[in-house]
**Student:** 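Got a structure here, written out as structure tokens. Questions coming.
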Amino acid sequence: MHDVGGRTPLAINDRAIALLTDLISLQTVNPMGRPYPGRLPVERPVVEYLERLFAPFGVKTTRQSCAPFHESLLMTIPGQTDAPGSLFESHIDTVPADDWSDRAFAPCLKNSRIYGRGACDDKGSLSGMVLALLQLLESGRQPPQTVWLLAAGDEEHGQTGIRHLIAAERLPIGRGIFGEPTQLVPVIQHKGTIRWDITVRGKSAHTSQAELGHNAILETLPVITALAHYEHQLRAACTSPFMSGPSLTVTMIQGGRTRNMVPDACTISVDFRILPGMDRQRSVDDLFAWLSALNLPLEHSEFQCFAPALSTSPEDPFVASVIDLCRDVLGRTMVPAGVPYGSDAGWLPEGIPAIVLGPGSIAQAHAVDEYVETEQVVQSAAIYYRIMAHDWTSIKTLTMP
Ligand SMILES: [Zn+2]
């Protein structure tokens, strides 16, 4: 059943362990918007490692600079025809490991689990996709359709790796597989994320004569209440069989300058999660209109995040085929699911079906003692390989324009 590289199960396991421990040891911590002291892109150690790994096969690799100090690596295996190809994507960057001491980048194997920062998010998936691509190359077979593997940069902060690929390359992508920790469950839908700040302006005055000012903190209270009411209405109007309703969360608040001044400004940060099928722009336009009815002097910042939802139809034939291929490997039928968190998959242009599927659990992602089961990495590789080697020409996706 486990056939990565055509080896016995033990050898495949060893190969997966060697690859994943190498990738964890190569630190690729995303500074997440904080100052970055390095001179090379965050992802460079893994980019160079992958270039060396694929060089003997003559694979076309392209470095893509997607943001200051971030880069991706695109690997291209041309198909037998120029029919739309399959994009595989996992991200190279990890969240920081400040709370781990020095164990984070010294991977260890215990009870068939590999521990280390990035073990499941997202170097487990990246290992699975690399193992699958190696199997394809070692077989000497040309895939029916082109296979791209994007080892993406900057997923954890700006999602600039996938955004750069979509904007700059205009590849004829027919379907997408995004590796993230889903316990190998095919995730076909997830929420979109919109984040920005709302600032309410007041007027400063000495607190001994507070009546001469306008207290911006007090004037922010009706905004917070209005957001709560709006969320309530939205959840009644918009539902999904795959996940909880849309949400509006005030995550931070800052106001005032000194203890003896009426505050002239108060800023709240808002995290707005929308459901698949909800238009991003319309969602914010409607909300802003609702808030403007409060007649308060408020200003909206630029969006810090404006990430689309993933809305692959459960009826799409691509989904049914991937479930069949999963059954070949796992011996059981996986049920397609939705999740509340976002991923790079939402950035694929509308009409191209995408599935998020990878080893490990989201419960371990970003956590101390993050780990992944070695067996799941090997199983993911076998699933990815089958998708790479599958002939998709006869599959008409429901959502293609
Ligand atoms: Zn991730």
**Student:** D121 and H91: side-chain donor and acceptor closer than 3.5 Å?
**Tutor:** yes
**Student:** Using the side-chain hydrogen bond (donor to acceptor under 3.5 Å, both in side chains) rule, take S90 and K123 through it: C-alpha gap first, then chi angles, then the decisive distance, then the call.
**Tutor:** CA-CA 8 Å; S90 298; K123 290 174 174 175; over 6 Å; no
**Student:** Could you tell me whether the side chain of E370 and the main chain of A119 form a donor-acceptor pair under 3.5 Å?
**Tutor:** yes
**Student:** Within the 3.5 Å criterion, strictly below it, is a donor on E71 or Q64 matched to an acceptor on the partner's side chain?
**Tutor:** no
**Student:** Report yes if the distance between the aromatic ring centroids of F105 and W100 is under 6.0 Å, otherwise no.
**Tutor:** no
**Student:** Distance-only, no hydrogens or angles: does the T28 side chain make a donor-acceptor pair with backbone N or O of I92 under 3.5 Å?
**Tutor:** yes
**Student:** Charged N to carboxylate O below 4.0 Å: is that the case for D369 and R113?
**Tutor:** no
**Student:** Show your reasoning for whether side chain to side chain contact (heavy atoms under 4.5 Å, CB included) applies to R63 and R44.
**Tutor:** CA-CA 9 Å; R63 289 183 190 181; R44 178 63 58 86; 3.2 Å; yes
**Student:** Is the closest basic N to carboxylate O distance between R201 and E219 below 4.0 Å?
**Tutor:** no
**Student:** For E211, look at atom CD and say whether over 12 heavy atoms of other residues, nucleotides or ligands are found less than 6.0 Å away.
**Tutor:** yes
**Student:** So does G153 get a backbone contact from the side chain of S72, meaning a donor-acceptor N/O pair under 3.5 Å?
**Tutor:** yes
**Student:** Quiz question: by atom type and distance under 3.5 Å, do the side chains of T193 and R273 form a donor-acceptor pair?
**Tutor:** yes
**Student:** Would you sort out whether F272 and W196 count as a side chain to side chain contact (heavy atoms under 4.5 Å, CB included), showing the intermediate values?
**Tutor:** CA-CA 9 Å; F272 187 14; W196 78 106; 3.8 Å; yes
**Student:** Just jot down the side-chain hydrogen bond (donor to acceptor under 3.5 Å, both in side chains) partners of T267, sequence neighbours excluded, or say none.
**Tutor:** T199
**Student:** Salt-bridged, D271 to R195, with N to O below 4.0 Å?
**Tutor:** yes
**Student:** Tell me, do I177 and S86 make a side-chain contact under 4.5 Å, heavy atoms counted?
**Tutor:** no
**Student:** What I'd like to find out is whether the side chain of L287 reaches to under 4.5 Å of the side chain of L248, using heavy atoms alone.
**Tutor:** yes
**Student:** We want to know whether S343 and H190 form a side-chain donor-acceptor pair, criterion being a heavy-atom distance below 3.5 angstrom.
**Tutor:** yes
**Student:** Determine, for W347 and R280, whether the Lys NZ or Arg CZ falls below 6.0 Å from the six-membered ring centre while staying within 45 degrees of the axis.
**Tutor:** yes
**Student:** Can you tell me how far apart CG (L275) and CZ (R235) are? Round to the nearest 0.5 Å.
**Tutor:** 8.5 Å
**Student:** Is D324 paired with R327 through a side-chain N to carboxylate O contact shorter than 4.0 Å?
**Tutor:** yes
**Student:** Do you see a donor-acceptor pair shorter than 3.5 Å between the side chains of Q159 and D154?
**Tutor:** no
**Student:** Where do P107 and T21 come nearest, in terms of heavy atoms and distance?
**Tutor:** CG-O, 3.5 Å
**Student:** Whether the side chain of T182 engages the backbone of V185 through a donor-acceptor N/O pair (distance < 3.5 Å, no angle test) should be reported.
**Tutor:** yes
**Student:** Using side chain to side chain donor-acceptor pair (under 3.5 Å) as the criterion, point out the one residue from Q254, Q304, H300 that pairs with D197.
**Tutor:** Q304
**Student:** Which of parallel (below 30°), tilted (30 to 60°) and perpendicular (above 60°) describes Y371 and Y115?
**Tutor:** tilted
**Student:** Indicate yes or no for a side-chain donor-acceptor contact from S311 to the backbone of P276 under 3.5 Å, with no hydrogens or angles considered.
**Tutor:** no
**Student:** Kindly write out the residues that satisfy side-chain hydrogen bond (donor to acceptor under 3.5 Å, both in side chains) with Q364, not counting sequence neighbours, or none if the list is empty.
**Tutor:** none
**Student:** For a side-chain contact (heavy atoms from CB on, under 4.5 Å) with C120, tell me which candidate from S361, P359, S125, P181 qualifies.
**Tutor:** P181
**Student:** What class does the angle between the rings of F303 and F306 fall in, given that below 30° is parallel, 30 to 60° is tilted and above 60° is perpendicular?
**Tutor:** parallel
**Student:** Tell me whether E373 is salt-bridged to K110, with the criterion being a basic N under 4.0 Å from an acidic carboxylate O.
**Tutor:** no
